[in-house]
Amino acid sequence: MYDVIAIGDDLASHLAAAIASSRGIRTALISETGAADACVAGDLLFQSNPLPLTGLGESQIFSSVLKSLGLSPKTNLLNPAYQIILPENRIDFFCGKEALVEELSREFPESATDIQSFYDTIAETSSKAGKWLLDHPFLQPRSLRDYPDLIKLIPSYLKSLSANLKFKKILAQNPALNKVMEAQRVLLSFQQKYQ
């Protein structure tokens with residue numbers, strides 16, 4: 001019996017298995033090709049050709065980094081790049097809001113309305129704040145004419161705070177959904193750090 005089963009031939013699967021195994025977690029790595037093209041480091045087995053790559057879907061951060069460097073990977077790209085697997089849940093983290101909300105609603109149908117509402121509110125607030133930042137690149141009002149635009153953001157900000165508090169109550173009642181949202185916060189903070 002294993003505590004963690006990593007599935008796949010890509011680099012992410014091998015790293016997940018290696019990290020779990022190094023922490024003393026009973027880990028199995030299952031791949032389509034078995035041990036072909038593999039090398040051994042200590043008691044860990046790695047693919048020497050770690051393809052297909054993950055995290056390089058068309059709209060994902062690593063793809064945009066490669067494009068900005070003028071590079072184009074010539075391999076199979078997987079999207080979504082991330083998954084979280086809990087004992088009774090498996091969620092794919094899609095980059096687009098609609099696909100992510102659909103996935104979360106599929107896995108947590110009892111909270112589907114709340115999930116949709118939360119993401120809609122956050123998207124609306126982010127859009128308004130993003131527009132304000134584009135119009136005011138110095139992050140603060142530079143003249144009296146800028147203050148009315150800033151004041152218009154306050155209702156959206158309060159609405160997002162309210163939605164966040166309401167969703168925190170829902171998360172407190174659903175430990176699995178709470179774990180998924182914790183994982184999402186970690187993944188988003190990782191992406192923002194490297195954008």
Side-chain angles (χ1 to χ4, degrees), residues 12 15 53-73 77-86 89-195:
L15 286 175
L53 297 173
T54 60
L56 292 163
E58 187 61 35
S59 61
Q60 292 177 335
I61 184 67
F62 299 113
S63 180
S64 65
V65 169
L66 289 178
K67 284 179 186 174
S68 71
L69 295 172
L71 302 173
S72 175
L77 304 178
L78 299 180
N79 187 6
Y82 307 110
Q83 289 182 328
I84 182 166
I85 300 174
L86 300 173
N89 305 94
R90 184 199 57 79
I91 294 91
D92 294 326
F93 283 105
F94 293 96
C95 292
K97 178 185 82 98
E98 295 306 321
L100 179 60
V101 168
E102 184 179 324
E103 178 73 0
L104 290 171
S105 297
R106 175 196 59 77
E107 197 63 32
F108 300 100
E110 70 284 357
S111 301
T113 303
D114 296 314
I115 290 168
Q116 182 73 52
S117 176
F118 174 73
Y119 278 95
D120 286 346
T121 301
I122 298 305
E124 177 187 335
T125 304
S126 297
S127 175
K128 288 179 180 178
K131 183 183 178 329
W132 192 88
L133 289 173
L134 285 174
D135 294 342
H136 304 84
F138 296 102
L139 303 179
Q140 61 185 11
R142 300 201 31 109
S143 71
L144 289 175
R145 291 180 304 201
D146 293 342
Y147 280 94
D149 290 339
L150 180 61
I151 291 170
K152 289 177 186 175
L153 291 177
I154 293 173
S156 293
Y157 176 70
L158 294 174
K159 184 178 177 183
S160 70
L161 283 178
S162 174
N164 197 22
L165 289 173
K166 179 182 175 188
F167 203 61
K168 281 185 178 182
K169 289 179 184 175
I170 292 162
L171 295 178
Q173 298 168 2
N174 190 332
L177 181 57
N178 189 39
K179 282 286 182 199
V180 169
M181 297 307 288
E182 285 176 12
Q184 183 179 358
R185 281 190 291 273
V186 169
L187 293 172
L188 289 175
S189 67
F190 171 79
Q191 286 190 353
Q192 291 197 354
K193 179 178 178 182
Y194 293 99
Q195 277 186 341

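Just so it is clear, the structure is predicted and the values come from calculations on it, not from any experiment. Note that these values count all heavy atoms, side chains included, but never hydrogens, waters or copies made by symmetry.
Screening residues 97-125 for ring pair (Phe, Tyr, Trp, His ring centres under 6.0 Å) gives F118-F167 as the qualifying pairs, with residues at least two apart or on separate chains. For residues 128-144, the salt bridge (Lys or Arg N to Asp or Glu O under 4.0 Å) pairs, not counting sequence neighbours, are E124-K128, K131-D135. Applying the salt bridge (Lys or Arg N to Asp or Glu O under 4.0 Å) test to residues at least two apart or on different chains, the pairs with a partner in residues 160-177 are D114-K166.
Judged purely by atom type and a 3.5 angstrom limit, S162 has no side-chain atom pairing as donor or acceptor with the backbone of L158. The main-chain N or O of V101 is found under 3.5 Å from a side-chain atom of S105 such that the two form a donor-acceptor pair. At least one donor-acceptor pair closer than 3.5 Å links the side chain of T121 to the backbone N or O of S117.
Counting heavy-atom neighbours within 6.0 Å of L165 CG, excluding the residue itself, gives a total above 12.
With rounding to the nearest 0.5 Å, the separation of CD1 in I151 from CG in D146 is 11.0 Å. Here K159 contributes atom NZ and N164 contributes atom CG; the two are 14.0 Å apart, rounded to the nearest 0.5 Å. Taken to the nearest 0.5 Å, the CG atom of L100 stands 9.5 Å off from the CD atom of E98. Rounding to the nearest 0.5 Å gives a distance of 7.0 Å between CG of L104 and CG of L177. A distance of 8.5 Å separates CG of D149 from CH2 of W132, quoted to the nearest 0.5 Å. The CD1 atom of I122 sits 12.5 Å away from the OG atom of S127 when rounded to the nearest 0.5 Å.
Not counting sequence neighbours, the partners of K179 by the salt bridge (charged side-chain N to carboxylate O under 4.0 Å, His left out) test are E182. Taking E107 as the reference, N89, I91 meet the side chain to side chain contact (heavy atoms under 4.5 Å, CB included) condition, with sequence neighbours excluded. Considering only residues two or more places apart in sequence or on other chains, D120 meets the side-chain hydrogen bond (donor to acceptor under 3.5 Å, both in side chains) condition with K97, Q116.
When side chains are defined from C-beta on, N178 does not count as touching Q173, because their heavy atoms never get closer than 4.5 Å.
Heavy atoms only, all atoms of each residue included: T125 and S160 are closest at OG1-CB, 3.4 Å.
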